[in-house]
Amino acid sequence: MRESKKIYDNLDALYQALAKATEDLIRVALAHQERFNLVLAGGNTPRGLYQRWADRPAGSLPWEKIHLYWGDERFVPHTSEESNFLMVKQTLLDNIQIPEANIHPITTGTERVEQGAAAYEKHLQAEFSEQLPRLDLILLGIGSDGHTASLFPGSPVLEEAQRWVGTSKAPREPRERITLTYPVLNNARVVYFLASGARKADAVRNACTRDLSEDACPAAFVQPKNGDLIFWLDRDAAQLLPAD
Ligand code: 6PG
């Protein structure tokens, strides 16, 4: 695993650099493969990145070759203000030309959350011919408690070593969540963590220094074994990092 940190004076500068880096990554990958499999983060931090993608001139990003997946989802309808799908729809999907077949939201319309997780896992298995997917880029946020995706401290899903998709309970509403598991996250070609603001500084330090247990900082155990891991941070979120 190759690991690095990129630190910017403010969120705007971070988004600008991140948008360029993701576009370059996609362009380079598509020079020798047909499709780019991109996993989107939920929450608020990635909004600005998705908006920048949406603002790019038509044709800048080859959306017809990019397939979008979600790293996690709240178990709510896709029309709910709490939905990560709706956030991506509003910031990105409604503003770009992308084939419907390239959009792979996490299933939340089932009776029980476990059924939604099983349905998404089945969909991924069909997409990737039952082979553990080696996704081209996984975007992840970090919670102030060290969670990432919906891998929350103390969640049984942290121990999941086989399933690709699991469930968890968030400490705040909406509590029922569906999430990709470590086996998928740690098989990625590239993982980008995004974090902004002083309230994330402690979690970012823990994720980068890895001094804590998996239970205490799930983000610290996202370590793509044959991939690149880059932390995209603003100065506030990076303020507790030890000097290199
Ligand atoms: C979610 C996200 C979650 C998020 C972190 C950071 O469903 O909320 O997937 O893991 O990335 O909680 O959220 P913010 O970017 O809003 O701080």
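Reckoned from all heavy atoms, side chains included, excluding hydrogens, waters and symmetry mates. Throughout, numbering of the chain's residues begins at 1 and tracks the sequence. Just follow the structure's listing: the first ligand is 1, and inside any ligand the first atom is 1.
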Fill in the blank from the handout: the protein heavy atom lying closest to atom 8 (O) of ligand 1 turns out to be Arg74 NH2, 2.8 Å
Problem - Any Tyr192 side-chain heavy atom under 4.5 Å of Asp228 side chain - result: no
Handout entry: Nearest-neighbour protein heavy atom for atom 9 (O) of ligand 1, which is reported as residue plus atom name and distance
Key = Asp72 OD1, 2.6 Å
Practice task
Tell me which protein heavy atom sits closest to atom 10 (O) of ligand 1, plus the residue, atom name and distance to 0.1 Å.
Solution key: Ala149 O, 2.6 Å
Practice task
Please identify which atoms of ligand 1 are closer than 4.0 Å to at least one heavy atom of Arg199.
Solution key: 17 (O)
Exercise for the section: Could you tell me whether Asp12 and Arg52 make a salt bridge, using a distance below 4.0 angstrom between a side-chain N and a carboxylate O? Expected result: yes
Problem - Contact check, Arg177 vs ligand 1, heavy-atom distance below 4.0 Å - result: yes
Problem - Proximal ligand 1 atoms for Asn84, defined as those under 4.0 Å from one of its heavy atoms - result: 1 (C), 7 (O)
Completion exercise
among protein heavy atoms, the one nearest atom 5 (C) of ligand 1 is His147 NE2, 3.4 Å
Fill in the blank from the handout: re atom 15 (O) of ligand 1, the protein heavy-atom contact at minimum distance is Thr45 OG1, 2.5 Å
Problem - Test: Arg56 and Glu23 ion pair at under 4.0 Å - result: yes
Exercise for the section: Give a yes-or-no answer on whether the side chains of Asp72 and Ser150 include a donor-acceptor pair shorter than 3.5 Å. Expected result: yes
Exercise for the section: Side-chain contact test, heavy atoms from C-beta onward, threshold under 4.5 Å: evaluate it for Thr179 versus Phe152 and give yes or no. Expected result: no
Problem - Heteroatom proximity flag, Pro46 to ligand 1, N/O under 3.5 Å - result: no
Exercise for the section: Look at the rings of Tyr69 and His104 and say which category their plane angle falls in: under 30° parallel, 30 to 60° tilted, over 60° perpendicular. Expected result: parallel
Practice task
Check each atom of ligand 1 against the heavy atoms of Gly43 and keep those under 4.0 Å away; list them by number with element.
Solution key: 1 (C), 2 (C), 8 (O), 16 (O)
Completion exercise
Counting heavy atoms under 4.0 Å, the part of Glu82 that contacts ligand 1 is neither
Fill in the blank from the handout: Under 4.0 Å between heavy atoms, the region of Ile142 that gets near ligand 1 turns out to be backbone
Problem - Side-chain donor-acceptor pair present, Asn37, Glu127, cut-off under 3.5 Å - result: no
Exercise for the section: Just need the protein heavy atom nearest to atom 11 (O) of ligand 1, so name the residue and atom and give the distance. Expected result: Gly141 CA, 3.4 Å
Practice task
State, yes or no, whether a side-chain contact exists between Pro174 and Phe75 at a heavy-atom distance under 4.5 Å.
Solution key: no
Practice task
Go through the steps to decide whether Leu61 and Thr22 satisfy the test side-chain contact (heavy atoms from CB on, under 4.5 Å), and finish with yes or no.
Solution key: CA-CA 10 Å; Leu61 275 161; Thr22 48; over 6 Å; no
Handout entry: Which of the ligand 1 atoms, numbered from 1, are nearer than 4.0 Å to a heavy atom of Lys200
Key = 6 (C), 14 (P), 17 (O)
Problem - Polar atom proximity, Ser150 to ligand 1 (N or O, under 3.5 Å) - result: no
Exercise for the section: Tell me whether Leu140 is reachable from Leu212 by hopping between hydrophobic residues (I, L, V, M, F, W, Y) whose side-chain heavy atoms are closer than 4.5 Å. Expected result: no
Practice task
Would you mind checking which non-hydrogen protein atom is closest to atom 16 (O) of ligand 1, with the distance to 0.1 Å?
Solution key: Asn44 N, 2.8 Å
